[in-house]
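Throughout, protein chains are lettered first and strands after them, A, B, ... in sequence-line order, and every chain is numbered starting at 1.
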There are 2 protein chains.
Amino acid sequence: MVDRLSEVFSALADPTRRAILARLADGEATVNQLAEPFPISLQAVSRHLKVLERAGLITRGRAAQWRPCRLDAEPLREVADWVTEYRRFWEQRYDGLDGYLRQLQQDGTRPEE
Amino acid sequence: MVDRLSEVFSALADPTRRAILARLADGEATVNQLAEPFPISLQAVSRHLKVLERAGLITRGRAAQWRPCRLDAEPLREVADWVTEYRRFWEQRYDGLDGYLRQLQQDGTRPEE
DNA sequence: TGCATATTCAACGAGTACGTTAATTAACCG
DNA sequence: CGGTTAATTAACGTACTCGTTGAATATGCA
């Protein structure tokens with residue numbers, strides 16, 4: 001994995017990790033609290049957290065023997081920025097002239113990467 | 001891979017595939033045309049296209065011996081919808097009261113999944 | 001000190017991802 | 001038909017992912 005955006009997309013490509021992010025939207029939580037809803041081991045959750053941390057999607061504190069996790073949405077802003085470049089494609093109407101109009105709209109405004 | 005959103009994120013977690021999508025934003029292209037900029041084999045690109053197709057990000061036609069690829073941005077709309085749920089987190093200002101305010105803002109509006 | 005709790009690290013296995021090269025399929029054309 | 005071009009499929013190697021269980025580390029507390 002070389003680039004940051006790939007790392008973020010890869011981290012998001014797992015429903016458990018997305019559920020963890022949704023839980024962290026409610027506020028900080030410990031590893032045990034985060035693991036509780038899932039039918040997998042605590043160790044597996046700990047690894048998911050490491051993936052999220054490497055992607056910059058969470059940060060971790062230290063309080064006694066707990067390692068509270070906190071959401072960091074900055075990488076999600078980058079995702080939003082990336083996907084926004086394609087907005088005009090899903091907002092297009094397909095009404096018969098679509099091929100011609102699509103060609104016109106696409107001209108010279110290709111998203112980067 | 002079980003759910004659609006994971007499939008889409010996974011497809012996007014590769015810079016070559018994102019570059020292919022960017023190229024297709026200019027309009028249809030054949031496999032050879034898409035492969036041309038990359039230092040990898042045509043077969044490897046063909047596989048990337050299969051991944052993008054399974055994720056619903058491209059569709060393919062048939063014209064003689066060519067298989068023109070076309071961008072389908074519908075899954076990107078789903079990505080945009082998902083990430084938008086977190087918008088308030090990256091739009092937050094961190095000005096000292098941050099912990100308290102974040103707690104207030106997060107209350108009761110957790111993104112799903 | 002000694003034990004309980006919270007979390008991580010290590011080692012393993014099954015499955016998947018991504019690249020390669022070689023062979024195959026499909027369509028066009030002389 | 002036979003050859004060329006476009007693209008896919010097959011077989012393989014290497015590496016990574018995601019789960020497991022067992023051991024280690026870190027902190028709190030009696």
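Put simply, CD on B/Gln65 is 18 Å from P on D/dG3, counting in whole angstrom units. In this structure, A/Arg67 atom CZ and D/dG28 atom P are separated by 13 Å, rounded to whole Å. The distance from atom CG of A/Leu52 to atom C1' of D/dT17 is 14 Å, rounded to the nearest whole Å. A straight line from CG of B/Asp14 to P of D/dT17 spans 13 Å, rounded to a whole angstrom. Atom NE2 in A/His48 sits roughly 18 Å away from atom P in D/dC16 (whole-Å rounding).
Between B/Arg47 and B/Gln43, the one whose closest nucleotide on DNA chain C sits nearer the 5' end is B/Arg47. Two residues, A/Thr16 and B/Leu49, neighbour DNA chain D, and the one matched to the more 5' nucleotide by heavy-atom proximity is B/Leu49. Ranked by how close their nearest DNA chain D nucleotide is to the 5' end, A/Ala63 and B/Lys50 are led by B/Lys50.
Classified by interplanar angle (parallel below 30°, tilted 30° to 60°, perpendicular above 60°), the ring pair B/Phe9/B/Trp82 is perpendicular.
Counting only distance, with no hydrogens or angles, the side chain of B/Arg18 and the backbone of B/Leu12 share a donor-acceptor pair below 3.5 Å.
At a threshold of 4.0 angstrom between heavy atoms, the contacts of A/Thr30 are confined to the sugar-phosphate backbone, with no base atom among them.
Looking at every heavy atom in both residues, B/Pro75 comes nearest to B/Gly56 through CG-O, 3.3 Å. B/Ala22 and A/Pro111 get closest at one heavy-atom pair: CB-O, 3.2 Å. Between A/Tyr86 and B/Ala25 the shortest heavy-atom distance is CE2-CB, 4.3 Å.
Cluster membership for A/Leu57 and A/Val51, using ILVMFWY side-chain heavy atoms within less than 4.5 angstrom, is not shared.
Nucleotides of DNA chain C with any atom under 4.0 Å from a heavy atom of chain B span, from 5' to 3', C/dC18 to C/dC28.
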